[in-house]
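Accompanying notes for the structure given below.
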Amino acid sequence: MAADVTTDNDIADEDLEPVAEQTARQAQRVVAAYAEDADECRMLLSMLGIGPTDKSN
């Protein structure tokens with residue numbers, strides 16, 4: 001049975017800040033380049049919190 005371990009590197013959700021738009025775009029390009037297909041790309045972008053945004057606003 002695995003022990004519940006916490007470290008000094010844990011960050012609370014409220015301490016996280018959104019990444020800059022330019023950084024997110026660069027990360028999106030890297031993910032898209034390495035993803036096997038569009039579904040995997042969408043899943044990875046979603047997991048990273050850098051999925052496409054709605055530009056219709």
Side-chain angles (χ1 to χ4, degrees):
M1 182 180 274
D4 188 20
V5 179
T6 59
T7 65
D8 292 334
N9 295 334
D10 288 348
I11 300 173
D13 287 344
E14 60 270 4
D15 292 336
L16 296 175
E17 296 181 20
V19 295
E21 187 171 334
Q22 181 179 3
T23 303
R25 292 247 185 245
Q26 291 171 342
Q28 288 169 343
R29 287 187 189 107
V30 171
V31 170
Y34 286 96
E36 294 290 324
D37 56 29
D39 287 333
E40 182 180 55
C41 183
R42 281 190 291 271
M43 177 193 64
L44 293 170
L45 291 173
S46 176
M47 290 172 68
L48 293 169
I50 55 171
T53 57
D54 185 12
K55 300 289 186 188
S56 63
N57 292 345

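A quick note: this is a predicted structure, and the numbers were derived from the prediction, not measured.
Taking CE from Met47 and CG from Leu45, the interatomic distance works out to 11.0 Å, rounded to the nearest 0.5 Å.
Nearest heavy atom pair, residue Ile50 against residue Gln28, reads O-NE2, 2.6 Å.
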Side chains of residues 29-39: which donor-acceptor pairs under 3.5 Å do they make with residues two or more places apart or in other chains?
from  : atom 1 : to    : atom 2 : distance (Å)
Asp37 : OD1    : Asp39 : N      : 3.3
Asp37 : OD1    : Glu40 : N      : 2.8
Asp39 : OD1    : Arg42 : NH2    : 2.3

